[in-house]
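The next block holds one structure in the form of structure tokens; read it before the comments.
All residue numbers refer to positions in the sequence shown, counting from 1.
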Amino acid sequence: MEVVHLPARGRELDETFRPVAVHHTDTGLTRHLERGEEIVLTDLGGDFHSAKVLLIDEGPVYHFFIGARLSVDEAAGRMADLPIQSRSA
């Protein structure tokens, strides 16, 4: 799973109900993403968020749906493509 850094604060991402557009050259990725692909986003505060590629425009420009915030463990599991183990108290 790919990781993309967004130059935004977590609160800005949490409050948006619109897709967030990012040009491929700003992602730092060596390969192009595909429509429907799930990724992990990081923000200026160092928080992790789930995201999905909704649309790809010319350029390419990716339009991401921002999902829930992820814990460090959840983000690491997604980046390693490992199943997340539930924590017991």
Cut-off 3.5 Å, no hydrogens considered: what does the side-chain donor-acceptor table look like for residues 52-67, sequence neighbours left out?
| unit_1 | atom_1 | unit_2 | atom_2 | d |
| --- | --- | --- | --- | --- |
| Asp57 | OD2 | His63 | NE2 | 2.6 |
| Tyr62 | OH | His24 | ND1 | 2.8 |
| Tyr62 | OH | Leu33 | N | 3.0 |

Inset, instruction - Take Arg78 and Ser50, measure what side chain to side chain contact (heavy atoms under 4.5 Å, CB included) needs, and give me the verdict at the end. - result: CA-CA 9 Å; Arg78 287 180 184 219; Ser50 65; 3.3 Å; yes

Legend entry - Verdict with reasoning, Val3 to Ile39, per side chain to side chain contact (heavy atoms under 4.5 Å, CB included): CA-CA 6 Å; Val3 178; Ile39 64 165; over 6 Å; no

Legend entry - Nearest-0.5 Å distance that lies between atom OG1 in Thr27 and atom CG in Leu6: 10.0 Å

Legend entry - Contact check, side chains of Val40 and Leu70, non-hydrogen atoms, under 4.5 Å: yes

Legend entry - Within residues 25-36 or reaching into it, pairs that qualify as salt bridge (Lys or Arg N to Asp or Glu O under 4.0 Å) - sequence neighbours excluded: Glu2-Arg31, Arg31-Glu37

Legend entry - Any residue meeting side-chain hydrogen bond (donor to acceptor under 3.5 Å, both in side chains) with His5, in chain and number order, not counting sequence neighbours: Thr42

Legend entry - Qualifying residues under side-chain hydrogen bond (donor to acceptor under 3.5 Å, both in side chains), relative to Thr25, sequence neighbours excluded: His23

Legend entry - Listed partners of Asp43 passing salt bridge (Lys or Arg N to Asp or Glu O under 4.0 Å), at least two apart: none

